[in-house]
Amino acid sequence: MNILSVLANGVTEAVQSLYGVLPDPSLIQLQKTRKEFKGNFTVVVFPLAKISKLSPDQTGEAIGSFLLEHLNQVKGFNVVKGFLNLEIAESYWLDFFDKAMQDEEFGFEKKGIKPLVMVEFASPNTNKPLHLGHLRNIFLGYSVSKILEANGHSVVNVQIINDRGIHICKSMLAWMKMGNGETPESSGLKGDKLVGKYYVEFDKLYKEQQKQLIDAGRTSEEAAKMAPVILEAQELLIKWEAKDPEVYSLWEKMNSWVYEGFNASFEKMEVSFDKVYFESDTYLLGKEEVIHGADKGVFFRKEDGSIWVDLTNEGLDQKALLRKDGTAMYITQDIGTALLRFRDFPETSYQIYTVGNEQEYHFKVLFKILKKLGFDQADKCYHLSYGMVELPEGKMKSREGTVVDADDLMLEMQNVSREVAMEQGKLEGLTENEKEGVYHYIGMAALKYFLLKVDPIKNMLFNPKESIDFAGNTGPFILYTYVRTRAILRKFEENFGPISRRVDYNGPINEVELNLLAKLHDFPLVLKESGNTYNPSLIANYTYELVKEFNSFYHDFPILREENKDLRTFRVQLTQKVGLVVRNSFKLLGINTVERM
RNA sequence: GAUCUCGUAGCUCAGUUGGAUAGAGCAUCUGCCUUCUAAGCAGACGGUCAGGGGUUCGAAUCCCUUCGGGAUCACCA
């Protein structure tokens with residue numbers, strides 16, 4: 001049984017036996033003892049003093065004595081201003097550590113004991129390359145998926161690619177007009193970059209034409225509607241929907257370039273998907289379902305033929321689902337996608353959509369619609385919303401060229417990492433290839449940790465000029481500590497053979513060792529909490545605290561140089577376990593560890 | 001205008017269901033490498049937890065209100 005429940009039960013018994021009242025569980029408040037006081041866990045006495053009708057300090061003393069007498073895990077206590085601080089016996093910590101040492105998957109639930117969860121993330125449009133905002137999305141979604149898995153769920157990672165619509169037609173049109181048959185091979189450009197380039201070209205041309213129209217006396221609204229290129233793009237979309245062979249094959253060709261580019265980026269990011277959905281496969285299904293819903297009377301038709309849903313009873317608005325010309329909208333395809341997923345994975349318990357917080361309203365509406373259509377799964381759809389990544393000058397805007405390109409940033413991180421590593425010069429003996437691998441991993445650790453350590457719901461700031469730190473509360477700092485643990489273990493094994501998984505040490509334990517054990521003790525709780533709240537930042541911050549504690553230990557006490565054999569082994573075991581928990585935590589964040597740096 | 005969300009040190013962020021004297025990193029300053037990797041450790045400096053009111057034995061945390069930033073409220077995606 002967990003020590004916290006042991007203590008809670010003990011306090012309950014104490015109150016009942018001392019004061020004859022069974023206390024409500026909410027009155028038993030246990031927390032970790034603050035550093036400046038002696039003890040490991042603290043009982044907040046104030047609520048219990050109401051039952052005892054004695055002063056908090058008297059009550060604390062009485063409960064403390066009771067626990068000392070009845071629980072062998074408690075070896076001492078003190079009462080300070082209404083707080084009962086309990087000291088836990090070393091035998092409890094050592095026993096815990098012995099169990100943890102034997103549990104390779106310490107803190108992890110057995111995979112698959114909980115129901116299947118679908119996690120959607122990434123979900124790019126095919127007309128633009130990936131940028132920093134996507135990185136936050138992708139790292140967040142991937143990490144949440146890993147965390148849920150560690151909490152015992154089966155998980156499928158999916159993404160929906162918005163591969164159809166006016167946006168890709170714009171790129172296609174510009175390529176037809178100005179591309180001269182350019183391909184990724186002929187230009188040396190990554191496929192997504194090439195297609196993105198023509199999207200920008202389109203926009204330039206479009207703006208020029210609008211300006212001419214405005215100069216000729218049109219309003220800006222009129223100009224936006226009548227510029228020749230936009231009309232051409234719309235025509236292209238209609239041809240596409242009619243599956244015009246020429247248009248369709250161009251669309252297929254350009255999208256395939258984009259996917260090749262995306263896949264190269266995903267590989268660098270070290271993420272993967274179990275299934276990819278395409279809007280072009282789901283929008284017709286969505287249309288059908290909307291029409292079906294209108295026929296059933298779940299939705300209603302306006303005079304012009306457009307189809308709407310009325311959500312005013314749910315506190316929302318009316319929302320269009322199908323245009324008067326019968327074409328699909330953004331939400332139409334989302335309905336279709338959800339449907340397809342329910343069919344593909346009927347055993348799914350939760351569906352998690354990792355999408356930015358600007359779409360909160362959209363998902364509220366979507367889930368209500370699915371519910372109205374009679375899908376019970378709608379109750380188990382969850383919008384994992386996250387804040388924007390802002391630049392010092394505000395939001396990233398592609399039109400103003402202030403987007404931070406994902407590939408560029410990843411490359412930049414690797415470069416910085418190389419520079420720092422060269423200065424340190426600790427990688428002698430590795431081949432150039434191995435070194436580049438290390439630089440890459442360190443760079444990705446810096447980037448991923450930077451984006452994941454912040455609470456997802458908050459907007460966060462990225463300052464390109466300052467680049468991402470490698471010291472302090474950062475990925476590389478944590479990696480560095482991991483590498484230290486690895487070096488110690490290597491040397492220990494060279495000299496003394498394999499490390500035992502049984503903890504035979506009987507104490508004493510010094511304060512820093514105890515802090516480390518207590519931190520390790522927290523790991524399963526943190527993992528559970530981060531799973532319940534879909535929040536990787538809890539893992540990130542936990543890992544940082546663990547590593548801080550270890551560095552302090554490493555600095556103050558000899559490990560390999562410890563002469564007492566039993567103590568040396570204990571400290572090496574502690575080192576090993578810290579290293580493993582760091583590595584596993586980083587896995588949950590989607591970060592790979594390195595052996596040297 | 002309505003709804004949602006955020007506001008904690010110069011900057012970037014932590015702060016578990018309300019608990020003790022609000023914590024880290026960066027930046028600035030000071031020590032510590034012939035001993036397990038100094039991308040480290042230890043210390044100093046730095047706060048009206050946006051302002052005001054309320055609930056409570058106790059509030060950064062809950063409620064009300066004002067101010068400030070962001071987002072959303074399309075037959076755009």
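- Across the interface with RNA chain B, nearest-nucleotide mapping of A/Val547 and A/Ile166 shows A/Val547 to be the residue nearer the 5′ end.
- Remark: C1' of B/G40 and CZ of A/Phe553 are 15 Å apart, rounded to the nearest angstrom.
- Within 4.0 Å (heavy atoms only), A/Ser306 reaches at least one base atom of the nucleic acid.
- In this structure, A/Glu36 places its CD atom where more than 12 heavy-atom neighbours from other residues, nucleotides or ligands lie under 6.0 Å away.
- Heavy atoms of A/Tyr361 sit under 4.0 angstrom from primed sugar atoms or phosphate atoms, though from no base atom.
- Nucleotide B/A42 has B/U30 as its partner under the Watson-Crick or G-U criteria, with both atom distances under 3.5 Å.
- With its glycosidic angle more than 90° from 0, B/C45 adopts the anti conformation.
- Within a 6.0 Å radius of NZ in A/Lys225, no more than 12 heavy atoms belonging to other residues, nucleotides or ligands are found.
- Residue-level contact check: A/Lys50 touches the bases, meaning some heavy atom is under 4.0 Å from a base atom.
- Protein atom CG of A/Leu48 is 16 Å distant from nucleotide atom P of B/G19, rounded to whole Å.
- Contact check, A/Lys548 against B/G25: a side-chain N or O comes under 4.0 Å of OP1 or OP2.
- In this structure, B/C4 and B/G70 make a Watson-Crick or G-U wobble pair, each of the two defining distances being under 3.5 angstrom.
- Residue A/Lys364 has no polar side-chain atom (N or O) positioned under 4.0 Å from OP1 or OP2 of B/C4.
- Figure legend. B/U61 is base-paired to no nucleotide; pairs are counted as Watson-Crick or G-U wobble with both atom distances under 3.5 Å.
- Between the CG atom of A/Asn541 and the P atom of B/C13 there is a distance of 12 Å, given to the nearest Å.
- Comparing the same atom, C1', in B/G1 and in B/A24 gives a spacing of 42 Å after rounding to whole Å.
- Nucleotides B/C33 and B/A38 are separated by 12 Å at their P atoms, to the nearest Å.
- The residue A/Lys324 sits close to a base: some heavy atom pair falls under 4.0 Å.
- Using a 4.0 Å heavy-atom distance criterion, A/Arg561 is classed as a base contact.
- A donor and an acceptor atom, one from each side chain of A/Thr481 and A/Asn551, are located under 3.5 Å apart.
- Spacing of P atoms, B/A2 relative to B/A14, comes out at 30 Å, to the nearest Å.
- With a 6.0 Å cutoff to the six-membered ring centre and a 45° limit on the axis angle, A/Arg164 counts as a cation-pi contact of A/Tyr283.
- No engagement by A/Asn535 is indicated, since no non-hydrogen atom pair under 4.0 Å with the nucleic acid exists.
- You'll find that the side chain of A/Leu538 is closest to B/G15, out of B/G15, B/A20, B/A39.
- Counting any heavy atom pair closer than 4.0 Å across all strands shown, A/Phe363 reaches no nucleic acid atom.
- The residue among A/Asp455 and A/Ser417 whose nearest nucleotide of RNA chain B lies closer to the 5′ end is A/Asp455.
- The pairing partner recorded for B/A20 is none, the criterion being a Watson-Crick or G-U wobble arrangement whose two distances lie under 3.5 angstrom.
- Proximity of A/Tyr542 to the phosphate of B/U16: no side-chain N or O atom is located under 4.0 Å from OP1 or OP2.
- Comparing the same atom, C1', in B/U55 and in B/C62 gives a spacing of 8 Å after rounding to whole Å.
- Using a 4.0 Å heavy-atom criterion, one finds that A/Ala487 contacts the bases of the nucleic acid, with or without backbone contacts as well.
- Crowding of A/Lys528 atom NZ: a count of heavy atoms from other residues, nucleotides or ligands under 6.0 Å not exceeding 12.
- Residue A/Val483 is classed as a base contact, given a heavy-atom separation below 4.0 Å to a base.
- Nearest to the side chain of A/Ala471, among B/C41, B/U37, B/A39, sits B/A39.
- Remark: A/Lys426 is not in phosphate contact with B/A38, judged by side-chain N or O atoms under 4.0 Å from OP1 or OP2.
- Here the side chain of A/Phe83 is nearest to one of B/U37, B/C26, B/G19, namely B/G19.
- Across all strands shown, A/Ile559 has heavy atoms under 4.0 Å from base atoms, whether or not it also approaches the sugar-phosphate.
- Contacts of A/Asp325 with the nucleic acid, taken as non-hydrogen atoms under 4.0 Å apart, are absent.
- Among the atoms of the strands shown, none is found under 4.0 Å from any heavy atom of A/Thr327.
- Residue contacts shown for A/Gln29 include a base, since a base heavy atom lies under 4.0 Å away.
- In this model, a donor atom of one side chain and an acceptor atom of the other lie less than 3.5 Å apart for A/Tyr330 and A/Gln359.
- Atoms CG and NZ, from A/Leu489 and A/Lys491 in turn, are 11.5 Å apart once rounded to the nearest 0.5 Å.
- A salt bridge between A/Glu549 and A/Lys519 is absent, with no side-chain N of the basic residue lying under 4.0 Å from a carboxylate O of the acidic one.
- At the heavy-atom level, A/Leu479 lies nowhere under 4.0 Å from the strands shown.
- In this structure, B/G25 and B/C11 make a Watson-Crick or G-U wobble pair, each of the two defining distances being under 3.5 angstrom.
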